[in-house]
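A short worksheet on the structure shown next.
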Amino acid sequence: MSPGPSANRASPPDETLRPLRRVRQIREFTDESITEEELAAIADAARWSGSSANEQPWRFILIRVAGTLLRLAEAGSPQTRSLRTASAAIAIAVPDEKDRAVSRAYDEGRAAERILIAASFLGLGGGIAWIRSDARDAPREILGLPPDWLVRTIVALGHPSESARRPKSKPGEGRRPRQETVFEERWPKS
Ligand SMILES: Cc1cc2nc3c(=O)[nH]c(=O)nc-3n(C[C@H](O)[C@H](O)[C@H](O)COP(=O)(O)O)c2cc1C
């Protein structure tokens, strides 16, 4: 099914949106490479994300060199373990500004989610590797960031391994139940 506005309107909404629900965190990849074309298309999807006042505060660093992926995996371990087997990654750099921190993080999150969705639509997988604040110096040096920029999110990309494709939870247990998270009109009375 081709997702997006041209999707078949005859399908139930739930069915049309199923590809979005299938976007999950992938932490292990096969040896198969992702192509330059795939990586470029994913980066384009990311840079078309909306951002506060259309400032597009991000810069996307595409990483394909195995040694760099491994160094980044080591630098932020264990949160960055998905980079160990990744075939590529996209580091999202944003300006390190105290007074815009929430706005920058919001924009970064939107771009990160689009990268995951774009990878999934291409039959690939993606995983967020979050660089803890106490572990940011090494990635900064590895990626050659200017001092007033930071990288907090690196999205690992590749072909999901068999085990990464397997469900991580029992059916219906992957998310909190709908009635616990989605309210009608107002916060429910207890
Ligand atoms: C802000 C944020 C930070 C995350 N950091 C990491 C991380 O450092 N390492 C990791 O493996 N997964 C990380 N994740 C992925 C979450 O663990 C994952 O989205 C969650 O467990 C749900 O997984 P699922 O979508 O596969 O069900 C992060 C997700 C978000 C939104």
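In each ligand, atom 1 is the first atom listed, and ligand 1 is the first ligand listed.
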**Fill in**
Leu62 and Ala43 have their tightest heavy-atom pair at CD2-CB, 3.9 Å
At less than 3.5 Å, what protein N or O atoms come close to the N or O atoms of ligand 1? Include the distances to 0.1 Å.
| residue | atom | partner | partner atom | Å |
| --- | --- | --- | --- | --- |
| ligand 1 | 8 (O) | Gln79 | O | 3.4 |
| ligand 1 | 8 (O) | Trp130 | N | 2.9 |
| ligand 1 | 9 (N) | Gln79 | O | 2.8 |
| ligand 1 | 9 (N) | Ile128 | O | 3.3 |
| ligand 1 | 11 (O) | Gln25 | NE2 | 3.4 |
| ligand 1 | 11 (O) | Arg27 | NE | 2.5 |
| ligand 1 | 12 (N) | Gln25 | NE2 | 3.0 |
| ligand 1 | 12 (N) | Arg27 | NH2 | 3.3 |
| ligand 1 | 12 (N) | Ile128 | O | 3.3 |
| ligand 1 | 17 (O) | Arg27 | NH2 | 3.0 |
| ligand 1 | 25 (O) | Arg24 | NE | 3.3 |
| ligand 1 | 25 (O) | Arg175 | NH2 | 2.9 |
| ligand 1 | 26 (O) | Arg24 | NE | 3.4 |
| ligand 1 | 26 (O) | Gln25 | N | 2.9 |
| ligand 1 | 26 (O) | Lys168 | NZ | 2.4 |
| ligand 1 | 27 (O) | Arg24 | NE | 2.8 |
| ligand 1 | 27 (O) | Arg24 | NH2 | 2.6 |
| ligand 1 | 27 (O) | Arg175 | NH1 | 2.8 |
| ligand 1 | 27 (O) | Arg175 | NH2 | 3.3 |

**Request:** Any ring-ring contact (aromatic ring centres under 6.0 Å, His included) involving residues 163-190? Give me the pairs, sequence neighbours left out, ordered by first then second residue.
**Result:** Phe183-Trp187
**Request:** Taking atom CD of Glu173 as the centre, report whether more than 12 heavy atoms of other residues, nucleotides or ligands fall under 6.0 Å from it.
**Result:** yes
**Request:** Please determine if Arg166 and Glu28 form a salt bridge, counting it only when a charged side-chain N lies under 4.0 Å from a carboxylate O.
**Result:** no
**Request:** Kindly compute the distance separating CG (Leu69) from OG1 (Thr80), expressed to the nearest 0.5 Å.
**Result:** 11.0 Å
**Request:** Give a yes or no answer on whether the side chain of Arg47 reaches the backbone of Trp58 with a donor-acceptor pair at less than 3.5 Å.
**Result:** no
